[in-house]
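All of these numbers come straight from a predicted model, not from anything done at the bench. Here is how names work: the chains are called A, B, and so on, in the same order as the sequence lines, proteins then strands, and each is numbered from 1.
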Amino acid sequence: MAYWVLRSEPDAYSWDDLVRDGATEWNGVRNYTARNFLKEMAVGDEALFYHSNTEKAAVGIMAVTRTWQPDGDDGKWASVAVKPVRPLAHPVTLAAIKAEPKFAELMMLKQSRLSVSKVEPDEWALLLKMAEG
DNA sequence: GCCAACGTTGGC
DNA sequence: GCCAACGTTGGC
């Protein structure tokens, strides 16, 4: 069981869109590091849905429902299927994440442009605590 | 709107 | 294969 952050601009595809759709194919990732993480994902892995740009906060929890399949025509890219699990009671803002010293090593902070990043179990637990506590 | 970070491209 | 130039992204 692994944990991830998946980032999207809410203007392009938001948590509400995902809830409305009931599930989605997380495609369009065109970065090799991010793609490699998509290929690592297993069914049952959980991921935070992070709204970049206008909102800058994690707003919900998703689950991976199918491992990767090719995305695009050239076979270089990958996508996975996800579904919403539940919204966060309190969205965790980027500002709150940056203010917490325990997130110093959080990949999402260290590689701020990466749209798919990994979360360690202890980091995941703390994120959920902040979201639901 | 600007800037920093960083990935990609193209010339050598 | 290296590196400068350029484009894109995300945060401020």
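Note on A/V85 and A/M1: same hydrophobic cluster, where clusters join Ile, Leu, Val, Met, Phe, Trp and Tyr whose side-chain heavy atoms are under 4.5 Å apart, directly or indirectly.
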Protein-nucleotides 4-9 of chain C N/O pairs under 3.5 Å:
| residue | atom | partner | partner atom | Å |
| --- | --- | --- | --- | --- |
| C/dT8 | O2 | A/R113 | NH2 | 3.0 |

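Nucleotide C/dG11 holds its C1' atom 6 Å from the NZ atom of A/K56, rounded to whole Å.
Between A/W26 and A/F49, the two ring planes are perpendicular [angle over 60°; tilted spans 30° to 60°]. Using cut-offs of 30° and 60° on the angle between ring planes, the pair A/Y3 and A/W124 is parallel.
Partners of A/E100 according to the salt bridge (Lys or Arg N to Asp or Glu O under 4.0 Å) rule, which considers only residues two or more places apart in sequence or in another chain, do not exist here.
At distances below 3.5 Å, at least one donor-acceptor pair connects side-chain atoms of A/R7 with backbone N or O atoms of A/R113.
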